[in-house]
Structure formats: C-alpha cells, structure tokens
Amino acid sequence: MTVTAERSGRFGAYGGRYVPETLMTSLIELEAAFEAAWKDNTFRTELASTLADFVGRPTPLYAALRLGRDWGGQLFLKREDLTHTGAHKINNAVGQALLARRMGKRRIVAETGAGQHGVATAAACARLGLQCRVYMGALDCERQRPNVERMKLLGAEVFSCEGGTRNLKVAINEAIRDWVSGPDETYYLLGSAVGPHPYPTIVRELQSVIGIEAREQFTRREGRLPDAVIACVGGGSNAIGIFAPFLDDPVALFGVEAGGDSPEHGSCTLAHGRPGVLHGAMSYVLQDADGQITGTHSIAPGLDYPGVGPQHSALKDSGRVTYAIETDETALSAFHELSRVEGILPALESSHALAFARRYLGENPGRRVIVNLSGRGDKDLPSIMARTKGQAALEGGHHAR
Ligand SMILES: *Cc1c(COP(=O)(O)O)cnc(C)c1O
C-alpha cells in the first residue's frame, strides 16, 4: 500500500487503467479531484457529518458472547447491517456522491446486480439533489423487484438492460456506454473496490471508516488488537475497508469467497481465477482457457462477480491476506446460528464470513476475532425461505421412506 503504487494506480502487477482513450481524461480528472477533496477539511467535515447523521455511524462493535462461546472463542461483529439502507455500500455511495457534487457533476450513473448498490446510490443522490440513473440487467430486475421499487421511490430512474445474460455484465456495459457519451456532466459511481484506477483506491478510502472504527473500538474495549479480522469478498469493498487499517498490524486477515454449491464451483475468483483484465483493471478473473469470463453462482447475490479488486489480488500474492471459501450450505447454517443465538439476521454475503469464523475458532480455540457483518439479511428472506422449504420437503421425503 505504498504511495508509489497508488500514484501509478498499481498494486504489484494488478490495477491500472485498461480503458478507451475517451475515458482516460475523465479518470485523470477524477483522480485529481479525489486527491484534492481528501486533503480538504471542508470535504472531510461534510463527509463525516453525513456519515454520522444520514448513514448512522459509528456502527457498534458488538460482542456476540453467546455465539462466541458456542464456537469456542470470542466473536465481535462490526455492525454494518445497522447502517442506513442496510449494508456497508452506503459509506461509498455518499462519499462518491459528495465528490461528484464537488466536481460540478449533477448526473450520476451506476450499475447494480442485486440492487443493494443501486439503492444506496439512489438514497445518496436523493439526499444531495443529484439526478440518478441505475442500470440493471433485465433478469436482475425481475429477481430483485423490491430493490427496483425502492430505487424508484428514492427518485432514481432504473434502466432495465436486455442483452447477454441479462445480468450485471450487460448493466456494466450500458453504464459505461452512458458515461462515455457525456463524461463532462456525468459521474460514474462504482460500487466496489474494482474497476480502473482511481476507483479501487477511492472505494478503499471511503470504506476504511469501517476498519478505523473497529480497530479503535476493539482496542479500547480489549486493551489489545484482535487475533483475526474476517470479511466476505465479492468485489472486495467491505473486506478492504475493514482490512486497510490492520495491514501493518500483527493481525491475521481472512477474506472469504463464495463457494456456491461446492468449493469447486461458485464465485471464488482468487482461488480459481487467473490474472486478466476485467472492467478496466488487471486482477484475478474467473475465465476459461480462451479467456472467456465464466459464469459464477452463489446464494449470496452480492458475491456473484467474476472479478475481484486489484488490491486483493496483490494481497493474495504477497500472502498478507489469506483467502478462504465457504459454500452456500455452510453460510446458510451460520445464518441460522446467528439468527437464533444472537437475534441478528445477517446478509447471506456476511454469513460466509461468519461460517469461516466458526471454522477458525474451532481450529484456534480462545482467539478473539472481528467479523465484518457487511449487511442485514432481510433482503435475502425469499431465497432463504425457498431453501428452507426445499430442505423440509427433502427431509419429509426421507421420513416417508
Ligand atoms: C454487495 C455486498 C457485498 C459484496 O461486496 P464487496 O464489495 O465485496 O463488499 C457483501 N455484503 C453485502 C451485504 C453486500 O450488499
């Protein structure tokens, strides 16, 4: 995480800007604008007050004593599920929306898969009086109808994209096409620590508030550092946000990818991908022998992405962060345990991090770990209920036999 790496937009071999010439000027302008804003007390003060009063920060660091005891150690949850709109994505959305306004751009475009980033962006734009258009694959619009309605209620225009597999990929293409056609008025608000430089750095800095708070809260309470910090990894924004302030500490860091229905499948970009260029940056990418992007699957929609942030790619190679896999099944069982034992319904994405914490404490009894509880699980009720019913039907079948 040296300054030189950031100046060139590189994290080791990863990162950079692999974009059409027309976007290069906009990215350079964005880089300069962010650097200036980040040094400017007026901007930082407005961001801090927005995070406090609109987002609801600081979020608590909750000691999950009962579940920790069951699992054999001490479990602390960083409660991003308690933020406005219910996930960490709002930290980034309000920060970039403030930056866009400062740059004089009144029109925001974003793309969203499951809709969480779209909702966070729509809320941030409404708050600042910015025009907002969200691109979403037509299939995702059908699957995530309540989020589409939320975005519309928040005043955003939702653009349903046909073409391709009618999911995130086509939405990204359409959002970029929109941005290229009018980069002077339009700000492209990216939702994870991915994409061309400077986005991975901007998103990390905006999400680092999670780790800064967690580190301070933990040391104040326990008088020492935690043994481990654990977060799920889709594009990697909640993970890099909580890891960043711990990178120079003697603390074990674990990123957890989604294994889908078996550890060989799923969306494990760091475990099964190879370096390549996706969405404007070099990173690990899930691709076949011909370099075609391969399909991913996870029960957690926010983890269903064939790329991963460039900094995570470098942290994997350097060994500073260990990346692990949890499956749909282990994540679901962790979801149910947290719900019943602590009274908290976690997002299915966050449940992957919890499942790994259970494994880690089982192997390392007595340790103290922080899990980034990136979001709340209400959005996942339909898929959880479908699974639970399927399970009941299966068990019913066994009984009948
Ligand atoms: C989107 C999302 C994720 C995954 O995104 P990252 O950029 O990897 O953090 C994780 N958890 C929740 C609740 C999400 O909405």
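These values consider heavy atoms only, across backbone and side chains, with no hydrogens, waters or symmetry-generated copies. Both counts, for ligands and for their atoms, begin at 1 and track the order of listing.
The atoms of ligand 1 that sit less than 4.0 Å from any heavy atom of Gly234 are 8 (O). Residue Ala347 has at least one heavy-atom neighbour below 4.0 Å for each of these atoms of ligand 1: 13 (C). The distance from ligand 1 to the heavy atoms of Ser192 drops below 4.0 Å at these ligand atoms: 6 (P), 7 (O). Near Gln116, the atoms of ligand 1 lying under 4.0 angstrom from a non-hydrogen atom of the residue are 15 (O). Interface atoms of ligand 1 facing Cys232, defined by a heavy-atom separation under 4.0 Å, are 10 (C). Against a heavy-atom cut-off of under 4.0 Å, Gly375 is close to the following atoms of ligand 1: 13 (C). Of all the atoms in ligand 1, the ones that sit under 4.0 Å from a non-hydrogen atom of Gly236 are 6 (P), 7 (O), 8 (O).
In terms of protein heavy-atom proximity, atom 6 (P) of ligand 1 is closest to Ser237 N, 3.3 Å. Given atom 12 (C) of ligand 1, the protein heavy atom at minimum distance is Ser374 OG, 3.5 Å. The protein heavy-atom contact nearest to atom 4 (C) of ligand 1 is Gly302 O, 3.3 Å.
A heavy-atom separation below 4.0 Å is found between His88 and ligand 1.
Counting non-hydrogen atoms of other residues, nucleotides and ligands closer than 6.0 Å to CZ of Arg66 gives a total of 12 or fewer.
Aromatic ring pairs are classed by plane angle as parallel below 30°, tilted from 30° to 60° and perpendicular above 60°; the pair Tyr199 and Tyr187 is perpendicular.
Of the residues listed (Glu157, Glu185, Glu174, Glu111), the one engaging Arg133 in a salt bridge (Lys or Arg N to Asp or Glu O under 4.0 Å) is Glu157, and it is the only one. For the salt bridge (Lys or Arg N to Asp or Glu O under 4.0 Å) with Glu349, the qualifying choice from Arg376, Lys379, Lys89 is Lys379, the only one to do so.
Residue Lys89 touches ligand 1 through its side chain alone, judged by heavy-atom distances below 4.0 Å. Counting heavy atoms closer than 4.0 Å to ligand 1, residue His117 contributes nothing at all.
One side chain, Asn147 or Arg150, offers a donor N or O that lies under 3.5 Å from an acceptor on the other. Judged purely by distance below 3.5 Å, without hydrogens or angles, the side chains of Asn91 and Glu80 pair a donor atom with an acceptor atom. Side chains of Arg358 and Ser333: a donor on one and an acceptor on the other come within 3.5 Å.
Summarising the geometry, atom CZ belonging to Arg107 is positioned 4.0 Å from atom OG1 belonging to Thr186; distances are rounded to the nearest 0.5 Å.
Counting heavy atoms from C-beta on, the side chains of Leu23 and Tyr188 never come closer than 4.5 Å.
Looking at ligand 1, you won't find any N or O of Ala239 less than 3.5 Å from one of its N or O atoms.
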